[in-house]
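Quick caveat: nothing in here was measured; it's all calculated off a predicted structure. Note that the numbering runs from 1 along the sequence shown for the chain.
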Amino acid sequence: MRLLIFSPYFQPHVGGVEGYVRDLNAELFDLGLVEAITVFAPRLPPEGAPFEQLAFGYRVVRYPAF
């Protein structure tokens, strides 16, 4: 299964939502329930990269935000 997760914040922004999404993704991979996860989140801070490949099957796509 492949997942697309819409998150209002994601790393490197620091907070509870970011940690929850990170931990949820790790648990889903560890249990073998998903083969790929894409996190769609705002680009905060704005000078961050618009795309990151964190691990095999785990990527972050960021849209411009302020």
Side-chain angles (χ1 to χ4, degrees):
M1 173 178 16
R2 295 172 172 233
L3 289 180
L4 174 61
I5 297 178
F6 293 89
S7 180
Y9 300 105
F10 198 68
Q11 301 166 342
H13 193 272
V14 179
V17 172
E18 300 83 342
Y20 179 80
V21 172
R22 182 192 64 235
D23 293 346
L24 174 65
N25 294 344
E27 191 67 26
L28 291 172
F29 271 123
D30 289 346
L31 293 173
L33 298 174
V34 295
E35 63 185 50
I37 296 176
T38 300
V39 178
F40 191 68
R43 189 173 2 171
L44 294 172
E47 54 275 349
F51 176 81
E52 288 182 74
Q53 186 77 32
L54 299 179
F56 178 74
Y58 186 21
R59 65 183 181 166
V60 180
V61 177
R62 300 179 193 277
Y63 58 89
F66 58 91

So, taking the atom named CD in E35 and the one named CE in M1, what distance separates them when rounded to the nearest 0.5 Å? 9.5 Å

Nearest 0.5 Å please: distance from the CG atom of L3 over to the CG atom of L33. 9.0 Å

Looking only at heavy atoms, which two atoms of [X] and [Y] are closest? And how far apart?
X	Y	result
P64	R43	CG-NH2, 3.5 Å
P42	S7	CD-O, 3.4 Å
R62	E52	NH2-OE2, 2.6 Å

Is the count of non-hydrogen atoms from other residues, nucleotides or ligands lying under 6.0 Å from [X] atom [atom1] greater than 12?
X	atom1	value
F29	CZ	yes
F40	CZ	yes
F51	CZ	yes

Answer with yes or no whether the hydrophobic clustering places [X] together with [Y]; edges join I, L, V, M, F, W, Y residues whose side-chain heavy atoms lie under 4.5 Å apart.
X	Y	value
F10	V34	yes
V39	L54	yes
Y20	I37	yes
Y63	L4	yes
L28	Y58	yes

